[in-house]
Amino acid sequence: MNATPFTATVLGTPRIGPNRELKRATEKYWAGELRRAELEAVAAGLRRDTWAGLAAAGLDSIPVNTSSYYDQVLDTAVLVGALPERVAGISDDLDRYFAAARGNAAVAPLEMTKWFDTNYHYIVPEIGPATTFSLNPAKVLGELAEAVELGIPARPVIVGPLTFLALSKAVDGADAPLARLDELTEVYAELLGTLADTGAEWVQIDEPVLVTDICAEAPTLAAKVYNRLGGLSKRPAIFVATYFGDPGAGLPALAGTPVEAIGVDLVYGPNTAIATVPELASKTLVAGVVDGRNIWRTDLQAALSKLATLLGSAESVVVSTSCSTLHVPYSLTPETELDDALRSWLAFGAEKVAEVAILARALGEGREAVADEIDASNAAVASRRCDPRLNNAAVRAEIARITAAGSQRGSAESRRDAQGARLDLPPLPTTTIGSFPQTVEIRKARAALVAGRIDEAEYTKQMKAEIAAVIRLQEDLGLDVLVHGEPERNDMVQYFAEQLDGFFATRNGWVQSYGSRCVRPPVLFGDVTRPEPMTTAWARYAQTLTDKPVKGMLTGPVTILAWSFVRDDQPLADTANQVALAIREETVDLESAGIAIIQVDEPALRELLPLRDADKEAYLRWAVGAFRLATSGVADSTQIHTHLCYSEFGEVIGAIADLDADVTSIEAARSHMEVLDDLNAIGFSNSVGPGVYDIHSPRVPSTEEMVTSLREALDAVPAQRLWVNPDCGLKTRKTDEVTESLRNMVSAAKAVRV
Ligand code: GLN
Ligand code: ZN
């Protein structure tokens, strides 16, 4: 294989546009306001700009085929001809693609789930008996041709066959998708031939599944696939990329095949045993030393030392990001409101590319060639280390004090008695998960406040009016435990981040979450403190409007971490405890304000679960510890609720019980209450509110179907422990849907009570 060697690259880039241009264009296309050619022009322009930026920064191999109208896994399903039959009849290929992603009036979309342990969601391919694979390379060939035309040293990127099948779902009684690996590998073989014909010197094949324990045979299967693909006589040089962790046995397995280059993530797999794999001596090692998924500036000195240790183990060493920078914002340039110190600690997408180029130069020309850059990096490292905002002795001492005393509440029984006496609730109490619809008026008011068209007082007045309306509605419907409806919250994490010290919100730090949807995670950079109460005024106001108990509503420490960019200079567990302490202070203030029930949401508990089985227990221990720290500061007579959603609780079910919340509301409507049996199996004995209807759909559920759900639930849980609620917050729904659904829900509860 005589491919041109390279020295500096990234595994992929953000693609939604520096100002979310692709998001806007795509949504207009969906709304029928933009023609296909116009959408394609926006995407092509973004690709050109991205490639030009990477080339100008000094990268000598540039990933292409990383742009996407929705998702790279869905793109791969199209590439290998594996879209399900139900969309196959749609003649326009782009409409077919979007129908698979989002559904339409006639077809249900494919499922969506988290991409490894990131906050990005991919479309889950369906592999059934009817699935046939066939090569459909128009997208990758088109992007390759565009790049070649522009003189870009292009390297097409595709999701590997092993990862593709491991992440797919078997449907219609088919065997596990990996049973089709040999067959699918032949489609990749054909693709490699086609790429070679089109002039690709290199191809990057992503196999992140090798850093997980999803499939025990993955290393063996990888050896088989890459022996086959590596043995082809006509193909580009193959670079297999692993990322998000240590590939373990996957590394020697890949190194034993004829592939030319192997990528390792040395940020999330710092102990990857490179030196113990002799076969790497004849390979190119693509060393991911620049963090591709968090926003901290690289310690160039440390990275360079790491790179130096690799030089003897491989034929050549390429500098790279640890993974695609899809997971970080485009650039620091728009972040004009940061102080100089804070700014100097950060690197977004563009800054990471520059770091890769600097490190590659140091490797090629010697450290002196980039001495100034290394000095600047050292200065940033030093400034971050000694900044007082990162080390608040009082917070640390308080956490040590509470953890030493033990974050224990009274026994479940004494809590139940104390709460029963205080609350006077009927059996099967009805409640909601917290948010009510975020109406146009609410969003308008928030935008007006941000733009300075209304002042804080006017905004508060409008929010109070909304709270009053929501309380009235709940009283009319006859709910037992009311909520204030969360109108004042833009987002359940950002709302708290904006009020806590140790966080900052970016101006333009958007990252793709799924499809056209972007999020702007706050940055948790320092020790977290709560300067003043965050939610009590709203809760207290809501409680003045009703004699029914109003539930205080907080976001839990794990979820706040999961949806932020978090400092990397101390264990996550320590940071979680600091957030937990702030939430704990808030629970105590809510209690003093007369709030008898406080819900601490942890929908992201499952999300931060480590990729390797061996690391899961330690994570669950600190996650549970942080929740308990947050919730053990109140009296036994104050009822603590938690809420979890996003399904698949299997691996975290024990931890859910360990949270020891008095009441746990949990998504169950789509899984037919199975979660209750799982909870029983581990001896869970606190109260539980399995969602009786799915809020993700506009459909209004009938009383009868919720009665059926509740009867099903009563087979698993006695009436004294059962709550009645929807399966998640109502913020995305319309007020009339919510009114009808909750009316039916209350009737269902009443019907089952008698
Ligand atoms: N309390 C939040 C709400 O009702 C919970 C949201 C969630 O579970 N993601 O919106
Ligand atoms: Zn939820």
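Numbering starts at 1 and runs along the sequence shown.
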List the atom of L79, the atom of I158, and the distance in Å for their closest heavy-atom pair.
-> CD2-CG2, 3.9 Å
Verify whether one side chain among Y330 and N508 offers a donor that lies under 3.5 Å from an acceptor in the other.
-> no
Axial cation check for W510 ring with R520, 6.0 Å and 45° limits | yes
side-chain hydrogen bond (donor to acceptor under 3.5 Å, both in side chains) between E207 and T163, intermediate numbers included = CA-CA 5 Å; E207 292 288 15; T163 295; 2.6 Å; yes
Using ring pair (Phe, Tyr, Trp, His ring centres under 6.0 Å) as the criterion, list what pairs up with F504, not counting sequence neighbours.
-> none
Considering residues at least two apart in sequence or located in another chain, which fulfil the ring pair (Phe, Tyr, Trp, His ring centres under 6.0 Å) criterion with F133?
-> none
Taking all non-hydrogen atoms of both residues into account, name the closest pair between E143 and T66 and its distance.
-> OE1-N, 3.8 Å
Hey, is NZ on K306 packed in by over 12 heavy atoms from elsewhere, all under 6.0 Å?
-> yes
Indicate the ring-plane relationship of F98 and Y69, choosing parallel, tilted or perpendicular according to the 30° and 60° boundaries.
-> perpendicular
Test: D93 and R36 ion pair at under 4.0 Å | yes
Can you list every pair that meets side-chain hydrogen bond (donor to acceptor under 3.5 Å, both in side chains) and has a residue in residues 313-329, with sequence neighbours left out?
-> T284-S316
With sequence neighbours excluded, give me every salt bridge (charged side-chain N to carboxylate O under 4.0 Å, His left out) pair touching residues 352-367.
-> R361-E365
Would you say D339's side chain and A341's backbone share a donor-acceptor pair under 3.5 angstrom?
-> yes
Contacts of F6 that satisfy ring pair (Phe, Tyr, Trp, His ring centres under 6.0 Å) - sequence neighbours left out | W202
Please name all residues satisfying side chain to side chain donor-acceptor pair (under 3.5 Å) with S331, sequence neighbours left out, ordered by chain then number.
-> T333
Short N-O contact, E260 and R235, less than 4.0 angstrom | yes
Mind checking whether I90 and N104 have side chains closer than 4.5 Å, heavy atoms only?
-> yes
Has the side chain of R297 got a donor or acceptor atom that lies under 3.5 Å from a matching backbone atom of S344?
-> yes
Closest contact, heavy atoms only, V519 versus S513 = CG1-CB, 4.0 Å
Return the set of residues passing side chain to side chain donor-acceptor pair (under 3.5 Å) with Y122 (not counting sequence neighbours), or none when no residue passes.
-> none
List, one per line, each side-chain donor-acceptor pair under 3.5 Å for residues 53-63, sequence neighbours excluded.
{"from": "D60", "atom 1": "OD1", "to": "T7", "atom 2": "N", "distance (Å)": "3.0"}
{"from": "D60", "atom 1": "OD1", "to": "A8", "atom 2": "N", "distance (Å)": "2.9"}
{"from": "D60", "atom 1": "OD2", "to": "T7", "atom 2": "N", "distance (Å)": "3.0"}
{"from": "D60", "atom 1": "OD2", "to": "T7", "atom 2": "OG1", "distance (Å)": "2.8"}
{"from": "S61", "atom 1": "OG", "to": "R155", "atom 2": "NH1", "distance (Å)": "2.9"}

Is a salt bridge present between R384 and D568, judged by a nitrogen-to-oxygen distance below 4.0 Å?
-> yes
List the atom pairs, donor and acceptor, that lie under 3.5 Å between side-chain atoms in residues 370-382 and the rest of the protein, sequence neighbours left out.
{"from": "S377", "atom 1": "OG", "to": "T298", "atom 2": "O", "distance (Å)": "3.3"}
{"from": "S377", "atom 1": "OG", "to": "L300", "atom 2": "N", "distance (Å)": "3.0"}
{"from": "N378", "atom 1": "ND2", "to": "Q301", "atom 2": "OE1", "distance (Å)": "3.4"}

Decide whether Y97 and D71 meet the rule of one side-chain donor and one side-chain acceptor closer than 3.5 Å.
-> no
Going by an N to O cut-off under 4.0 Å, is there a salt bridge joining R228 and E186?
-> yes
Would you sort out whether Y188 and L232 count as a side-chain contact (heavy atoms from CB on, under 4.5 Å), showing the intermediate values?
-> CA-CA 11 Å; Y188 278 74; L232 294 168; over 6 Å; no
Work out which heavy atom in G515 is nearest to a heavy atom in Q512; give both atom names and the distance.
-> O-NE2, 2.8 Å
Ignoring hydrogens and angles, tell me if any N or O in the side chain of S564 forms a donor-acceptor pair with the backbone of V523 under 3.5 Å.
-> no
Using the test ring pair (Phe, Tyr, Trp, His ring centres under 6.0 Å), find all partners of Y70 that sit at least two apart in sequence or belong to another chain.
-> none
Are any of the side-chain heavy atoms of P156 and V64 separated by less than 4.5 Å?
-> yes
With V289, the side-chain contact (heavy atoms from CB on, under 4.5 Å) member among D299, D265, L307 = L307
Reported CG-to-OH distance for the pair L266 and Y268, which is rounded to 0.5 angstrom | 12.5 Å
Side-chain donor-acceptor pair under 3.5 Å between R507 and T336, yes or no?
-> yes
Which pairs count as salt bridge (charged side-chain N to carboxylate O under 4.0 Å, His left out) when at least one residue sits in residues 283-295, sequence neighbours excluded?
-> D117-R293
Decide, yes or no, whether a salt bridge links E335 with R343 under the criterion of side-chain N to carboxylate O below 4.0 Å.
-> no
Could you list all the side-chain hydrogen bond (donor to acceptor under 3.5 Å, both in side chains) pairs where at least one residue sits in residues 189-200, not counting sequence neighbours?
-> D197-K234
